[in-house]
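Letters go in sequence order (proteins before strands), and every chain restarts at 1. Just so you know, these numbers use all the heavy atoms, side chains as well, and skip hydrogens, waters and symmetry mates.
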Protein chains: 2
Amino acid sequence: MARSATTLDAFAAIAEPRRREILGALAHGGGEQDVTWLVEELGWPQPQVSKHLGVLREVGLVSVVRKGRRRMYSVNGEELKPVYEWAKEFERFWENQLRRIKERAEGRGK
Amino acid sequence: MARSATTLDAFAAIAEPRRREILGALAHGGGEQDVTWLVEELGWPQPQVSKHLGVLREVGLVSVVRKGRRRMYSVNGEELKPVYEWAKEFERFWENQLRRIKERAEGRGK
DNA sequence: TTGACATATGCCCATATCGGAATATATTAA
DNA sequence: TTAATATATTCCGATATGGGCATATGTCAA
(Lines give C-alpha, C1' and ligand atoms only; values in the text may rest on other atoms or scores of the structure.)
Protein backbone atom coordinates (compact mmCIF):
# COMPACT_ATOMS: atom_id res chain seq x y z
CA MET A 1 0.00 0.00 0.00
CA ALA A 2 1.58 3.18 -1.08
CA ARG A 3 0.02 6.53 -1.42
CA SER A 4 -2.84 7.46 0.82
CA ALA A 5 -5.63 5.65 -0.99
CA THR A 6 -6.30 8.13 -3.74
CA THR A 7 -8.12 10.59 -1.62
CA LEU A 8 -10.18 12.16 -4.32
CA ASP A 9 -11.51 15.32 -2.83
CA ALA A 10 -11.68 18.96 -3.84
CA PHE A 11 -8.21 19.63 -2.49
CA ALA A 12 -6.69 16.97 -4.70
CA ALA A 13 -8.76 18.01 -7.68
CA ILE A 14 -7.66 21.62 -7.64
CA ALA A 15 -4.03 20.69 -7.15
CA GLU A 16 -3.87 20.33 -10.90
CA PRO A 17 -3.44 23.74 -12.56
CA ARG A 18 -5.39 22.68 -15.61
CA ARG A 19 -8.35 21.80 -13.49
CA ARG A 20 -8.26 25.22 -11.93
CA GLU A 21 -8.19 26.69 -15.40
CA ILE A 22 -11.26 24.76 -16.34
CA LEU A 23 -13.10 25.99 -13.30
CA GLY A 24 -12.00 29.51 -14.04
CA ALA A 25 -13.12 29.27 -17.63
CA LEU A 26 -16.50 27.94 -16.63
CA ALA A 27 -16.89 30.63 -14.02
CA HIS A 28 -16.17 33.40 -16.45
CA GLY A 29 -18.07 31.81 -19.27
CA GLY A 30 -21.42 32.51 -17.71
CA GLY A 31 -23.77 29.79 -16.60
CA GLU A 32 -23.25 26.64 -18.60
CA GLN A 33 -20.82 25.75 -21.35
CA ASP A 34 -20.32 22.62 -23.35
CA VAL A 35 -17.11 20.69 -23.83
CA THR A 36 -16.49 22.04 -27.30
CA TRP A 37 -16.56 25.56 -25.97
CA LEU A 38 -14.01 24.61 -23.33
CA VAL A 39 -11.81 22.90 -25.89
CA GLU A 40 -11.74 26.04 -27.99
CA GLU A 41 -11.41 28.34 -25.04
CA LEU A 42 -8.50 26.44 -23.57
CA GLY A 43 -6.95 25.11 -26.74
CA TRP A 44 -6.24 21.65 -25.39
CA PRO A 45 -6.98 18.31 -27.00
CA GLN A 46 -10.56 17.31 -26.39
CA PRO A 47 -9.81 14.03 -24.57
CA GLN A 48 -7.75 15.93 -22.07
CA VAL A 49 -10.52 18.33 -21.35
CA SER A 50 -12.96 15.48 -20.95
CA LYS A 51 -10.65 13.65 -18.60
CA HIS A 52 -10.13 16.61 -16.34
CA LEU A 53 -13.84 17.25 -16.42
CA GLY A 54 -14.25 13.67 -15.34
CA VAL A 55 -12.19 14.27 -12.23
CA LEU A 56 -14.01 17.47 -11.44
CA ARG A 57 -17.26 15.59 -11.91
CA GLU A 58 -16.28 12.80 -9.56
CA VAL A 59 -15.45 15.30 -6.89
CA GLY A 60 -18.61 17.21 -7.51
CA LEU A 61 -16.88 20.43 -8.51
CA VAL A 62 -18.86 20.61 -11.72
CA SER A 63 -22.37 19.61 -12.68
CA VAL A 64 -23.45 18.28 -16.02
CA VAL A 65 -26.70 18.47 -17.88
CA ARG A 66 -27.23 16.67 -21.14
CA LYS A 67 -28.49 18.92 -23.83
CA GLY A 68 -29.00 16.99 -26.98
CA ARG A 69 -25.69 15.64 -28.07
CA ARG A 70 -23.72 17.98 -25.95
CA ARG A 71 -23.19 18.23 -22.23
CA MET A 72 -23.46 21.50 -20.46
CA TYR A 73 -21.04 21.93 -17.62
CA SER A 74 -21.27 24.40 -14.79
CA VAL A 75 -19.26 25.10 -11.69
CA ASN A 76 -20.58 23.69 -8.49
CA GLY A 77 -18.94 26.13 -6.12
CA GLU A 78 -20.43 24.51 -3.08
CA GLU A 79 -17.66 21.93 -3.17
CA LEU A 80 -15.06 24.65 -3.06
CA LYS A 81 -16.28 25.98 0.22
CA PRO A 82 -14.31 23.50 2.35
CA VAL A 83 -11.12 24.68 0.69
CA TYR A 84 -12.04 28.26 1.34
CA GLU A 85 -12.94 27.58 4.93
CA TRP A 86 -9.82 25.59 5.57
CA ALA A 87 -7.52 28.26 4.19
CA LYS A 88 -9.45 30.87 6.09
CA GLU A 89 -8.39 29.27 9.34
CA PHE A 90 -4.92 30.50 8.61
CA GLU A 91 -6.00 34.00 7.85
CA ARG A 92 -4.49 35.36 11.05
CA PHE A 93 -1.10 34.22 9.89
CA TRP A 94 -0.90 36.38 6.84
CA GLU A 95 -2.70 39.18 8.62
CA ASN A 96 -0.07 39.10 11.32
CA GLN A 97 2.58 39.13 8.69
CA LEU A 98 1.05 42.15 7.02
CA ARG A 99 0.63 43.96 10.31
CA ARG A 100 4.22 43.29 11.18
CA ILE A 101 5.43 44.57 7.84
CA LYS A 102 3.24 47.59 8.10
CA GLU A 103 4.43 48.37 11.60
CA ARG A 104 8.00 48.03 10.54
CA ALA A 105 7.42 50.35 7.63
CA GLU A 106 5.88 52.89 9.93
CA GLY A 107 8.87 52.70 12.18
CA ARG A 108 7.11 51.52 15.27
CA GLY A 109 7.68 47.79 14.94
CA LYS A 110 10.85 46.33 16.37
CA MET B 1 6.74 14.18 -20.91
CA ALA B 2 3.96 13.26 -18.69
CA ARG B 3 2.54 15.13 -15.81
CA SER B 4 2.74 18.86 -15.84
CA ALA B 5 6.32 19.32 -14.72
CA THR B 6 5.90 18.83 -11.01
CA THR B 7 4.27 22.10 -10.32
CA LEU B 8 5.23 22.41 -6.71
CA ASP B 9 3.07 25.14 -5.32
CA ALA B 10 0.83 25.62 -2.31
CA PHE B 11 -2.09 24.02 -4.11
CA ALA B 12 -0.17 20.85 -4.74
CA ALA B 13 1.29 20.82 -1.26
CA ILE B 14 -2.03 20.97 0.54
CA ALA B 15 -3.55 18.35 -1.69
CA GLU B 16 -2.01 15.83 0.67
CA PRO B 17 -4.19 15.39 3.76
CA ARG B 18 -1.19 14.69 5.95
CA ARG B 19 0.33 17.96 5.00
CA ARG B 20 -2.83 19.76 5.98
CA GLU B 21 -2.68 17.94 9.29
CA ILE B 22 0.83 19.15 9.88
CA LEU B 23 -0.16 22.71 9.17
CA GLY B 24 -3.13 22.36 11.46
CA ALA B 25 -1.01 20.93 14.23
CA LEU B 26 1.52 23.71 13.91
CA ALA B 27 -1.21 26.31 13.88
CA HIS B 28 -2.79 25.01 17.04
CA GLY B 29 0.50 24.28 18.73
CA GLY B 30 1.29 27.94 19.23
CA GLY B 31 4.25 29.63 17.65
CA GLU B 32 7.01 27.19 16.91
CA GLN B 33 7.31 23.46 17.41
CA ASP B 34 10.09 21.03 16.72
CA VAL B 35 9.90 17.85 14.71
CA THR B 36 9.82 15.62 17.75
CA TRP B 37 6.77 17.42 19.01
CA LEU B 38 5.06 16.88 15.68
CA VAL B 39 6.02 13.23 15.64
CA GLU B 40 4.42 12.72 19.02
CA GLU B 41 1.44 14.89 18.26
CA LEU B 42 0.67 13.13 15.00
CA GLY B 43 1.93 9.68 15.85
CA TRP B 44 3.60 9.08 12.51
CA PRO B 45 7.07 7.74 11.85
CA GLN B 46 9.64 10.51 12.07
CA PRO B 47 10.97 10.21 8.51
CA GLN B 48 7.50 10.70 7.18
CA VAL B 49 7.01 13.83 9.17
CA SER B 50 10.35 15.14 7.99
CA LYS B 51 9.54 14.39 4.39
CA HIS B 52 6.25 16.17 4.46
CA LEU B 53 7.89 19.05 6.24
CA GLY B 54 10.38 19.06 3.41
CA VAL B 55 7.66 19.60 0.86
CA LEU B 56 6.01 22.29 2.94
CA ARG B 57 9.38 23.93 3.28
CA GLU B 58 10.07 23.90 -0.45
CA VAL B 59 6.78 25.59 -1.10
CA GLY B 60 7.36 28.05 1.69
CA LEU B 61 4.36 27.00 3.73
CA VAL B 62 6.51 26.56 6.80
CA SER B 63 9.57 28.31 8.11
CA VAL B 64 12.39 26.73 10.04
CA VAL B 65 14.74 28.06 12.63
CA ARG B 66 17.58 25.97 13.99
CA LYS B 67 17.60 25.88 17.72
CA GLY B 68 20.47 23.81 18.92
CA ARG B 69 20.06 20.34 17.60
CA ARG B 70 16.42 20.78 16.87
CA ARG B 71 14.54 22.74 14.25
CA MET B 72 11.62 24.86 15.14
CA TYR B 73 8.90 24.91 12.53
CA SER B 74 6.17 27.45 12.17
CA VAL B 75 3.38 28.05 9.70
CA ASN B 76 4.00 30.61 7.06
CA GLY B 77 0.41 31.47 6.31
CA GLU B 78 1.37 34.02 3.71
CA GLU B 79 1.74 31.22 1.20
CA LEU B 80 -1.78 30.08 1.86
CA LYS B 81 -3.28 33.34 0.84
CA PRO B 82 -3.32 32.54 -2.89
CA VAL B 83 -5.38 29.47 -2.18
CA TYR B 84 -7.77 31.47 -0.10
CA GLU B 85 -8.05 34.17 -2.71
CA TRP B 86 -8.55 31.72 -5.51
CA ALA B 87 -11.32 29.88 -3.72
CA LYS B 88 -12.89 33.17 -2.76
CA GLU B 89 -13.46 33.97 -6.41
CA PHE B 90 -16.04 31.25 -6.41
CA GLU B 91 -17.78 32.50 -3.33
CA ARG B 92 -20.78 33.71 -5.28
CA PHE B 93 -21.41 30.17 -6.39
CA TRP B 94 -22.04 28.74 -2.98
CA GLU B 95 -23.72 31.90 -1.84
CA ASN B 96 -26.12 31.65 -4.74
CA GLN B 97 -26.73 28.08 -3.84
CA LEU B 98 -27.46 29.00 -0.24
CA ARG B 99 -29.72 31.85 -1.23
CA ARG B 100 -31.64 29.57 -3.51
CA ILE B 101 -32.03 26.99 -0.78
CA LYS B 102 -33.06 29.61 1.68
CA GLU B 103 -35.58 31.12 -0.68
CA ARG B 104 -37.04 27.77 -1.38
CA ALA B 105 -37.32 27.04 2.31
CA GLU B 106 -39.12 30.30 2.85
CA GLY B 107 -41.52 29.51 0.08
CA ARG B 108 -40.74 32.47 -2.08
CA GLY B 109 -38.22 30.95 -4.44
CA LYS B 110 -39.49 29.23 -7.54
C1' DT C 1 -30.17 3.56 -41.93
C1' DT C 2 -26.15 6.23 -42.52
C1' DG C 3 -23.09 9.75 -41.61
C1' DA C 4 -21.48 13.64 -39.01
C1' DC C 5 -20.88 15.71 -34.70
C1' DA C 6 -20.01 15.70 -29.46
C1' DT C 7 -18.02 13.62 -25.73
C1' DA C 8 -16.16 9.90 -23.00
C1' DT C 9 -12.97 5.85 -22.50
C1' DG C 10 -9.29 2.77 -22.94
C1' DC C 11 -4.54 1.81 -23.52
C1' DC C 12 0.27 2.94 -23.15
C1' DC C 13 4.25 5.23 -21.48
C1' DA C 14 6.86 8.21 -18.52
C1' DT C 15 7.11 9.96 -14.24
C1' DA C 16 5.91 11.65 -9.72
C1' DT C 17 4.80 10.34 -5.12
C1' DC C 18 3.85 7.99 -0.85
C1' DG C 19 5.16 4.86 2.80
C1' DG C 20 8.74 1.98 5.01
C1' DA C 21 13.15 0.96 6.68
C1' DA C 22 17.86 1.98 7.03
C1' DT C 23 21.20 5.30 7.36
C1' DA C 24 23.59 9.72 7.01
C1' DT C 25 24.33 14.28 9.11
C1' DA C 26 24.51 17.60 12.70
C1' DT C 27 24.77 19.00 17.36
C1' DT C 28 25.09 18.64 22.22
C1' DA C 29 26.72 16.22 26.31
C1' DA C 30 29.93 13.23 28.79
C1' DT D 1 36.73 12.00 21.16
C1' DT D 2 32.64 9.42 21.82
C1' DA D 3 27.91 8.55 22.67
C1' DA D 4 23.32 10.06 22.34
C1' DT D 5 19.79 12.89 20.52
C1' DA D 6 17.32 15.30 16.62
C1' DT D 7 16.35 15.49 12.02
C1' DA D 8 17.09 14.82 7.11
C1' DT D 9 18.15 11.87 3.23
C1' DT D 10 18.34 7.81 0.41
C1' DC D 11 16.77 3.62 -1.63
C1' DC D 12 12.94 0.70 -2.62
C1' DG D 13 8.52 -1.02 -4.15
C1' DA D 14 3.70 -0.10 -5.20
C1' DT D 15 0.76 2.85 -7.32
C1' DA D 16 -1.51 6.86 -9.11
C1' DT D 17 -1.47 10.27 -12.64
C1' DG D 18 -1.14 13.01 -16.80
C1' DG D 19 -0.51 13.37 -21.76
C1' DG D 20 -1.13 11.30 -26.47
C1' DC D 21 -3.65 8.71 -29.52
C1' DA D 22 -7.17 5.74 -31.05
C1' DT D 23 -11.64 4.47 -30.48
C1' DA D 24 -16.14 3.63 -28.38
C1' DT D 25 -20.63 5.65 -27.31
C1' DG D 26 -24.37 8.57 -27.89
C1' DT D 27 -27.23 11.73 -30.53
C1' DC D 28 -28.97 14.37 -34.17
C1' DA D 29 -29.63 15.15 -39.26
C1' DA D 30 -30.31 13.62 -44.00
- Task: Hey, could you give me each pair passing ring pair (Phe, Tyr, Trp, His ring centres under 6.0 Å) that has a residue in residues 8-31 of chain A? Not counting sequence neighbours.
- Result: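 As it turns out, the ring pair (Phe, Tyr, Trp, His ring centres under 6.0 Å) pairs with a partner in residues 8-31 of chain A, which skip direct neighbours, are A:Phe11-A:Trp86.
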
- Identify which nucleotide among C:dC18, D:dA8, C:dA8 has an atom closest to any side-chain atom of B:Glu16, counting heavy atoms from C-beta outward.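 The nucleotide sitting nearest to the side chain is C:dC18.
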
- Message: side-chain contact (heavy atoms from CB on, under 4.5 Å), that's the test. Do A:Trp44 and A:Glu21 meet it? Break it down for me.
- Response: CA-CA 11 Å; A:Trp44 311 336; A:Glu21 279 193 69; 3.7 Å; yes

Between [N] atom [atom2] and [X] atom [atom1], what is the distance in whole Å?
X: B:Arg18; N: C:dT17; atom1: CZ; atom2: P; value: 17 Å
X: B:Ile22; N: D:dA8; atom1: CD1; atom2: P; value: 10 Å
X: B:Leu56; N: C:dT17; atom1: CG; atom2: P; value: 13 Å

- Ion pair A:Glu85/A:Lys88, N-O distance below 4.0 Å: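 So A:Glu85 does not pair with A:Lys88 through a salt bridge.
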
For nucleotides 27-30 of chain C, tabulate all protein N/O to nucleotide N/O atom pairs closer than 3.5 Å, reporting atom names and distance.
{"residue": "C:dT27", "atom": "OP1", "partner": "B:Arg66", "partner atom": "NH2", "Å": "3.3"}

- Axis-to-axis angle across the helix from C:dT1-D:dA30 to C:dA30-D:dT1, five pairs an end, to 10 degrees?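 Inter-axis angle at the ends, rounded: 10°.
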
- Message: Go nucleotide by nucleotide along DNA chain D from the 5' end; which of B:Arg57 and A:Arg71 gets its closest nucleotide reached first?
- Response: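 The residue closer to the strand's 5' end, by nearest nucleotide, is B:Arg57.
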
Heavy-atom side-chain contact between [X] and [Y] under 4.5 Å:
X: A:Val64; Y: A:Leu53; result: no
X: A:Leu61; Y: A:Ile14; result: yes
X: B:Phe93; Y: A:Leu80; result: no

- Query: For the side-chain contact (heavy atoms from CB on, under 4.5 Å) test, which of B:Asn76, B:Val62, B:Val75 pairs with B:Leu56?
  - Reply: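 Exactly one pass, corresponding to B:Val62.
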
- Hydrophobic cluster identity match, A:Ile22 and A:Leu8, side-chain contacts under 4.5 Å: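 Yes.
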
- Would you say D:dA8 has OP1 or OP2 under 4.0 Å from some side-chain N or O of B:Tyr73?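 Yes, within the criterion.
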
- Query: Reckon B:Arg19 has a side-chain N or O less than 4.0 Å from the OP1 or OP2 of C:dC18?
  - Reply: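 Answer yes for this pair, as a side-chain N or O of B:Arg19 is under 4.0 Å from OP1 or OP2.
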
- Query: Residues two or more places apart in sequence or in another chain: which of them pass side-chain contact (heavy atoms from CB on, under 4.5 Å) with B:Pro82?
  - Reply: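 Applying side-chain contact (heavy atoms from CB on, under 4.5 Å) to B:Pro82 gives none.
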
- Within residues 29-55 of chain B, find the residues that approach DNA chain C with a heavy atom at under 4.0 Å, and present them sorted by residue number.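 Residues of residues 29-55 of chain B under 4.0 Å from DNA chain C: B:Pro45, B:Pro47, B:Gln48, B:Lys51, B:His52.
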
- Message: Give me each pair satisfying side-chain hydrogen bond (donor to acceptor under 3.5 Å, both in side chains) with a member in residues 50-63 of chain A, each pair once, sequence neighbours excluded.
- Response: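 Residue pairs with at least one partner in residues 50-63 of chain A: A:Arg19-A:His52, A:Gln46-A:Ser50, A:Arg57-A:Tyr73.
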
Tabulate below the donor-acceptor pairs under 3.5 Å that side-chain atoms of residues 30-41 of chain B make, not counting sequence neighbours, or state none.
{"residue": "B:Gln33", "atom": "NE2", "partner": "B:Gly29", "partner atom": "O", "Å": "2.3"}
{"residue": "B:Asp34", "atom": "OD1", "partner": "B:Thr36", "partner atom": "N", "Å": "3.4"}
{"residue": "B:Asp34", "atom": "OD1", "partner": "B:Trp37", "partner atom": "N", "Å": "2.8"}
{"residue": "B:Asp34", "atom": "OD2", "partner": "B:Arg70", "partner atom": "NH1", "Å": "3.4"}

